[in-house]
Number of protein chains: 2
Amino acid sequence: MAREIIRHNAIYMQVADQLAQAITAGEYEAGSKLPSETELMETYGISRPTARAAVSELRTMGLVESRHGRGSFVRPQSAPTSALARTITRSGKRYGVPELEAKEQPCVTRVHVLGTHAELLQRREEDADDAFSADHLMTDPGTGARISHRVIIPLDVASEAPALAETPDAPVADLYAHLAEAGHTLTWQEYVTARTPLPDEREVLGLTDASPILITYRVTYGTGDRPLLCEELHTAAARSRLVYRITPEKAPAKRPRPAKS
Amino acid sequence: MAREIIRHNAIYMQVADQLAQAITAGEYEAGSKLPSETELMETYGISRPTARAAVSELRTMGLVESRHGRGSFVRPQSAPTSALARTITRSGKRYGVPELEAKEQPCVTRVHVLGTHAELLQRREEDADDAFSADHLMTDPGTGARISHRVIIPLDVASEAPALAETPDAPVADLYAHLAEAGHTLTWQEYVTARTPLPDEREVLGLTDASPILITYRVTYGTGDRPLLCEELHTAAARSRLVYRITPEKAPAKRPRPAKS
DNA sequence: TATCATTTGTTCGTATGTATC
DNA sequence: CGATACATACGAACAAATGAT
């Protein structure tokens, strides 16, 4: 019954495992050169495609990085990551977010609210609500890592706070301010996931490999917990680390039980 | 000056790009079968290794899943992900965390505080401080996804709150309570990153592929912002989504500038 | 500056094994 | 059993980037 989840019989996998263990055990220093494919062929008595497959595994594991004409190098275990604070500050009526360096002019388009955005903004996909989409490309001052940032502003929200429709590409702190001025009491919630980047995402973020990207959706809620905005942020997981401050909340007298009829 | 970051010249990459776009555009339904390698060879006029390389790219992108003897199938775009709330509630002196189902008996070991743990607990690696490590294997009740959870309790912290040393494998809510009883005012901060799992991590979490895992480090700070505990949580990014509530903080009159001399 | 050896990247061909239907 | 499909493995060749001569 117990089905083998992973096949370790394959030669290239055995070689990859051995090398992975050696790397994680610290037998190869960070930045040091892995044996070349030719050397692997000789030491393990395998063919070139097999050696390549083993190194390819290490690459997708994020353990090594291959450079054309030079070799494969061990990536630093705990890479120089910069902390990306996902906090919001408030001074009076003005909300602030950690500053990032803008790299390009923001780009505004009209989109339909679909998929995760529809789910988080609590809209049905069938309605295909229109929205503004403001795309920003920024850099993390710490590491220089690129960050792509998109703000989705549903049209009905924009019509309630016209300042949003005029400058949907403004910094999010301004968008928050406009919503606060429109009488909303703002709260936020953030959803974090990760996945391997698609080719075009790789290009946008300047990634050379298929190492994962962190994706966060920040939803701004207004009065009555109505979702107003949805921001989507992409960043290379290997270079940045998200930081959240967790503030304890008052526990309700009776724990709400998720409906599951 | 503008260096080409990604080569799209490669045939297998071009094929992978086309297929990836078709999949993300919804031309293939979730769960539907991709053209077989033989079909790809014919339609694109390429060899078998090239067709395989293209499909392999799609696999590491997490777009498709290949099954021996059957074919490659499109993975659901927005997989059934469950939300993993990373919140802490408080009722009186008792702190609560969202409940997870324990899958195995916790396992306690003695470890040195190294790497990221040392960094977050603000200890120097050279000191190689001893600590308890309590490993829990749990499941997300929503999706049944496995979650591995490790608590690092430095020995000096344990000696200040002896209850910690007695039952380091207790639920974290109990650990928090013990620290609060020892006179600490607790605050938390969480660091999120992601990476491709190592073979043994794959096995622990029951993953069949190399799709990314989300890693969160939750640090518990006591009085004077002294780091007391470090929790590390691993979960498959494809099946879970972390949820953070963001509470605005009062902005300091003058923004503290990170020292960088 | 030019050449050469080394190393990875890409592509083909071919063969065999093994799971599924 | 046979056909189909993916998995593994070998061999071979050339391209392209790199670093040293």
Side-chain angles (χ1 to χ4, degrees), chain A residues 1-19 28 31-75 199 202 207-210, chain B residues 1-19 28 31-61 63-75 199 202 208-210:
Chain A
M1 214 65 217
R3 181 163 61 99
E4 264 293 337
I5 295 188
I6 306 162
R7 295 178 46 108
H8 278 142
N9 324 9
I11 297 176
Y12 78 94
M13 262 301 197
Q14 293 180 32
V15 175
D17 269 15
Q18 285 193 31
L19 291 172
Y28 290 100
S32 69
K33 192 174 162 302
L34 215 65
S36 75
E37 294 170 0
T38 322
E39 287 172 308
L40 290 178
M41 289 168 62
E42 288 163 3
T43 54
Y44 289 97
I46 55 180
S47 70
R48 176 115 194 275
T50 307
R52 276 191 69 74
V55 178
S56 171
E57 277 297 306
L58 299 177
R59 250 196 316 270
T60 62
M61 282 187 239
L63 289 177
V64 305
E65 195 167 332
S66 299
R67 278 181 239 175
H68 198 159
R70 292 186 57 189
S72 294
F73 299 86
V74 177
R75 286 173 67 161
R202 255 190 254 185
L207 302 175
T208 59
D209 51 12
Chain B
M1 212 65 212
R3 180 165 62 97
E4 262 294 337
I5 296 188
I6 305 161
R7 299 176 43 105
H8 275 146
N9 324 10
I11 297 176
Y12 78 93
M13 261 301 196
Q14 293 179 32
V15 175
D17 268 16
Q18 287 194 30
L19 290 172
Y28 290 100
S32 70
K33 192 174 163 301
L34 216 64
S36 75
E37 292 173 1
T38 321
E39 287 172 307
L40 290 177
M41 289 167 63
E42 288 163 2
T43 54
Y44 289 96
I46 56 180
S47 73
R48 178 165 257 276
T50 307
R52 273 194 70 74
V55 177
S56 171
E57 275 299 304
L58 299 176
R59 252 196 314 271
T60 62
M61 283 187 241
L63 288 177
V64 306
E65 196 168 330
S66 300
R67 278 181 243 175
H68 198 154
R70 292 186 58 191
S72 295
F73 300 86
V74 177
R75 286 173 68 165
R202 255 190 254 186
T208 59
D209 51 14

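Chain letters run A, B, ... following the sequence lines, proteins first, then strands; residues in each count from 1.
Remark: Y12(B) is in phosphate contact with dT10(C), judged by side-chain N or O atoms under 4.0 Å from OP1 or OP2.
Between the CD atom of Q14(B) and the C1' atom of dG9(C) there is a distance of 15 Å, rounded to whole Å. Rounding to whole angstrom units, CE of residue M41(A) and P of dT6(C) are separated by 14 Å. Regarding F73(B), its CZ atom lies at a distance of 12 Å from the C1' atom of dA19(C), rounded to whole Å. For E65(B) and dT20(C), the CD to C1' distance is 16 Å, given to the nearest whole Å. Atom CD of E57(A) and atom C1' of dA7(D) are 13 Å apart (whole Å). Atom pair I46(B):CD1 and dC12(C):P shows a separation of 7 Å (rounding to whole Å applied). Per the geometry, CD1 belonging to I11(A) stands 7 Å off C1' belonging to dA9(D), to the nearest Å.
The side chain to side chain contact (heavy atoms under 4.5 Å, CB included) search around S56(A) returns R59(A), not counting sequence neighbours. With sequence neighbours excluded, the residues satisfying salt bridge (Lys or Arg N to Asp or Glu O under 4.0 Å) with E37(B) are R48(B), R52(B). Partners of P35(A) under the side chain to side chain contact (heavy atoms under 4.5 Å, CB included) rule, at least two apart in sequence or in another chain, are Y28(A), E39(A), L40(A). Applying the side-chain hydrogen bond (donor to acceptor under 3.5 Å, both in side chains) criterion to S47(A), with sequence neighbours excluded, gives T50(A). Listed by chain and number, the residues in a side-chain hydrogen bond (donor to acceptor under 3.5 Å, both in side chains) with T38(A) amount to none (sequence neighbours excluded).
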Protein-nucleotides 4-6 of chain D N/O pairs under 3.5 Å:
from	atom 1	to	atom 2	distance (Å)
dC6(D)	OP2	E37(B)	N	2.9
dC6(D)	O2	H68(B)	NE2	3.0

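With a cut-off of 3.5 Å on both Watson-Crick or G-U wobble distances, the partner of dT1(C) is given as none.
Proximity of L19(B) to L63(B): side-chain heavy atoms (C-beta onward) are nowhere separated by under 4.5 Å.
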